[in-house]
Amino acid sequence: MAQSAPGKHYREGISLVELFRRFPDDATAERWFEAARWGEAGKPTHCPMCGSTEKLKVVPSRKPLPYRCGDCRRYFSVRTGSVMQRSHIGLQKWAIAIYLWSVSLKGVSSMRLHRDLGITQKSAYFMAQRLREAWTESHGGMSGPVEVDETYIGGLERNKHAHKKQHLGRGGIGKAIVAGARDRATNRISAEVVEGRDAETLQSFVASRAAEGAKVYTDQGAGYKGMKFDHETVNHSVSEYVRDQAHTNGIESFWATLKRGYHGTFHHISPKHLHRYVSEFATRHNMRPQDTEAMMGETVARMVGKRLLYRDLVS
């Protein structure tokens with residue numbers, strides 16, 4: 001008789017031994033990236049600069065790049081037009097980084113990438129932020145039922161240096177607010193950093209995620225009152241967490257994963273970049289039902305059409 005197994009036991013993973021067999025060098029990794037981006041043939045279907053589908057030629061010497069567009073007369077590679085453009089890190093290391101990104105439920109720190117890939121911490125940090133840029137999620141379309149909740153992300157006031165304490169009280173003072181929605185039908189998560197917990201902010205967030213006519217479950221926060229949805233609440237202040245189908249346990253489980261990553265992997269996240277980390281964790285949650293190889297291939301597809309310049313990252 002078949003026995004149950006924990007977690008996403010139905011997923012087909014890739015062991016570390018198999019990973020290095022698949023990507024023994026940059027040339028093998030390049031062929032994989034080309035197949036993931038351009039299809040099984042591994043050949044470009046259009047110019048990533050001008051979009052032309054004609055006069056695409058292979059450059060035998062591979063200099064300065066392996067492909068050339070006869071229309072715009074520019075050279076390109078599988079990196080062109082993606083977050084990897086102008087990166088000097090080898091494609092084998094990019095493939096390994098994507099693998100680590102896919103299988104690490106609580107995230108991957110730049111220090112781990114620095115040690116595991118043998119690159120500088122600065123390069124590892126830029127690589128990680130580029131992968132987060134690729135893992136941006138689209139919003140809307142949740143047919144419901146939809147669970148909505150918000151949480152605080154940040155350090156405790158008592159742990160801050162004296163000159164950084166705000167002396168404004170306890171709880172969420174000095175922390176960033178993240179709102180999240182979970183579609184129970186698909187288990188899809190959408191989350192973003194918001195400015196406050198007022199009705200205008202929270203109800204705008206809900207309206208941008210939940211489809212018209214969707215059932216919405218929240219706690220009894222004042223910001224949710226008067227929503228134009230079929231709306232039920234649970235009262236956490238009197239220890240009511242589940243009432244029939246009314247609860248927010250699914251989105252709160254996502255908060256637990258996000259905070260384990262915050263405290264256990266990153267230890268500190270700058271408010272300036274918090275939106276990237278929130279998007280990373282939401283995307284990983286949404287992609288996890290797939291096999292590891294499928295997650296890696298989707299990551300390559302998500303890289304296309306996105307750029308993140310270092311000067312923009314640190315400005």
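Since we're looking at a predicted model, the values are computed, not measured. Worth knowing before you read on, the calculation uses all heavy atoms, side chains too, and leaves out hydrogens, waters and symmetry mates.
- Remark: Phe23 engages Trp32 in a ring-ring contact (aromatic ring centres under 6.0 Å, His included) (not counting sequence neighbours).
- Of the N and O atoms on the side chains of Arg22 and Tyr99, not one donor lies less than 3.5 Å from an acceptor on the other residue.
- With hydrogens and angles left out, the side-chain atoms of Gln220 and Asn235 include a donor and acceptor closer than 3.5 Å.
- Looking only at side-chain heavy atoms (C-beta outward), Glu30 and Pro66 come within less than 4.5 Å of each other.
- Judged purely by distance below 3.5 Å, without hydrogens or angles, the side chains of Lys306 and Thr136 pair a donor atom with an acceptor atom.
- The stretch residues 286-315 participates, sequence neighbours left out, in these ring-ring contact (aromatic ring centres under 6.0 Å, His included) pairs: Phe126-Tyr310.
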Given Thr28 and Asp25, is the side chain to side chain donor-acceptor pair (under 3.5 Å) satisfied, shown in steps? CA-CA 6 Å; Thr28 307; Asp25 50 38; 2.7 Å; yes

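- Ring-centre distance between His236 and Tyr241: below the 6.0 Å cut-off.
- Annotation: cation-pi geometry satisfied between Arg132 and Tyr277 (NZ/CZ under 6.0 angstrom from ring centroid, within 45° of ring axis).
- For the residue pair His231 and Thr218, a side-chain donor N or O sits within less than 3.5 Å of a side-chain acceptor on the partner.
- Thr201 and Asp198 share a donor-acceptor pair across their side chains, judged by distance under 3.5 Å alone.
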In sequence, state the C-alpha distance, the side-chain angles, and the governing distance for Val178 and Glu192, and then conclude on side chain to side chain contact (heavy atoms under 4.5 Å, CB included). CA-CA 6 Å; Val178 181; Glu192 72 173 353; over 6 Å; no

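- Remark: Asp230 pairs with Lys215 by the salt bridge (Lys or Arg N to Asp or Glu O under 4.0 Å) rule, at least two apart or across chains.
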